[in-house]
Amino acid sequence: MSEVKISAETRTEFGKGAARRIRRDSKVPGVLYGHGGDPLHLTLPGHELLLALRTPNVLIALDIDGKTNELAIPKAVQRDPLKGFLEHVDLLLVKRGEKVNVEIYVQTEGELAPGGNLLEHVLNALPVEAEATHIPESVTVSVEGLTAGDSILAKDIPLPSGTKLAVEDDTVVLQVLAAQAEEAPEGEEAGEAGAEA
């Protein structure tokens, strides 16, 4: 898992006006919380944060006001629904060796059995418990040769060492559905029968 260093500043201004001013300066307001302490309100560099968040469950090494160094993982990210820029980020304080619950992406490889079957992702991300500095970005599972009615359960997905499931073993993650044949609307069938007569 990658660790990204980002310099942050504590902020004392709150509210929509302050947040707008921060975003105008190409920065992002955020909150760092965890370990029972008071939340710490931060201002983070927008571009660096955006690049860091491209990596799922990225570990961020925060240099706060040049005085304190903290490790954090993103917990909630708010983006502008139209333009996609970052509006706010919640960061969870973590320590090396600490176990955290996160979700990791489930990727598939291989081809389903022939016959027009469809693969449904019941869970796009798998809840797991992992050491804060060793969170896997994703897991890959083979769907080679699966047919309609087959499913892959959480316990069937190979996890990296040190990572444990945070859901029931028999939770369905992927399932294969039979393709539905398209039915012609009733009016069309009646029209064709009339044309033949």
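- For H47, the NE2 atom is loosely surrounded, since the number of other residues' heavy atoms within 6.0 Å does not exceed 12.
- What you find for N117 and P114 is that their closest heavy atoms are ND2-O, 4.1 Å.
- With no hydrogens or angles considered, no side-chain donor-acceptor pair links E144 and S142 at under 3.5 Å.
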Tell me, with the steps shown, if L91 and K75 meet side chain to side chain contact (heavy atoms under 4.5 Å, CB included). CA-CA 5 Å; L91 300 169; K75 265 325 239 184; over 6 Å; no
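- Here the CG atom belonging to L62 is positioned 9.0 Å from the CG atom belonging to L40, to the nearest 0.5 angstrom.
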Determine whether V143 and L119 satisfy the following criterion, side chain to side chain contact (heavy atoms under 4.5 Å, CB included), listing intermediate values before the conclusion. CA-CA 9 Å; V143 296; L119 182 64; 4.1 Å; yes
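- Closest of all the heavy-atom pairs between L93 and E70 is CD1-OE1, 3.4 Å.
- Cluster annotation: L153 and V141 are assigned to distinct hydrophobic clusters (Ile/Leu/Val/Met/Phe/Trp/Tyr, side-chain heavy-atom contacts under 4.5 Å, transitive).
- How far CD of E48 is from CD1 of I60: 10.5 Å, rounded to the nearest 0.5 Å.
- Considering L123, V173, T140 as possible partners of V106, the one that fulfils the side chain to side chain contact (heavy atoms under 4.5 Å, CB included) test is V173.
- Taken from CG in L159 to CG in L126, the straight-line distance is 6.5 Å, to the nearest 0.5 Å.
- Nearest heavy atom pair, residue G34 against residue L92, reads CA-CD1, 4.2 Å.
- Transitive grouping of hydrophobic side chains (ILVMFWY, heavy atoms separated by less than 4.5 Å) keeps L146 and V122 in distinct clusters.
- Residue K99 places its NZ atom among more than 12 non-hydrogen atoms of other residues, nucleotides or ligands, all under 6.0 Å distant.
- In the hydrophobic clustering of ILVMFWY residues, with side-chain heavy atoms under 4.5 Å counting as a link, Y105 and V139 come out apart.
- Around CD of E111, the count of heavy atoms belonging to other residues, nucleotides or ligands within 6.0 Å does not exceed 12.
- Evaluation of the side-chain contact (heavy atoms from CB on, under 4.5 Å) rule for A178 yields A148 as partners, not counting sequence neighbours.
- Residues T108 and H121 form a side-chain contact, since some pair of their non-hydrogen atoms from C-beta on lies under 4.5 Å apart.
- How far CG of L49 is from OG of S26: 12.5 Å, rounded to the nearest 0.5 Å.
- In terms of heavy atoms, P45 sits closest to S7 at CD-O, 3.1 Å.
- One distance of note links OG of S151 with CD of E120; it measures 10.5 Å at 0.5 Å rounding.
- In the hydrophobic clustering of ILVMFWY residues, with side-chain heavy atoms under 4.5 Å counting as a link, L71 and Y33 come out together.
- Between A52 and V4, the shortest heavy-atom contact is CB-CG1, 4.0 Å.
- Remark: side-chain polar atoms of N101 are not paired, donor with acceptor, to backbone N or O of P127 under 3.5 angstrom.
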Can V28 and T43 be said to form a side chain to side chain contact (heavy atoms under 4.5 Å, CB included), step by step? CA-CA 6 Å; V28 179; T43 301; over 6 Å; no
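- Remark: side-chain polar atoms of E131 are paired, donor with acceptor, to backbone N or O of G97 under 3.5 angstrom.
- Screening L42, L32, V31, L44 for a side chain to side chain contact (heavy atoms under 4.5 Å, CB included) involving V89 leaves a single residue, L44.
- Shown here is E168, whose CD atom has no more than 12 heavy atoms of other residues, nucleotides or ligands within 6.0 Å.
- Hydrophobic clustering, with ILVMFWY side chains joined whenever heavy atoms are under 4.5 angstrom apart, keeps V176 apart from V172.
- Around atom CG of N69, more than 12 heavy atoms belonging to other residues, nucleotides or ligands sit under 6.0 Å away.
- Of all heavy-atom pairs spanning A132 and L59, the tightest one is O-CD1, 3.8 Å.
- Looking at V100, V128, V58, V94 one by one, the single match for side chain to side chain contact (heavy atoms under 4.5 Å, CB included) with I135 turns out to be V100.
- In this structure, CD in E137 is found 10.5 Å from CD1 in I104, a value given to the nearest 0.5 Å.
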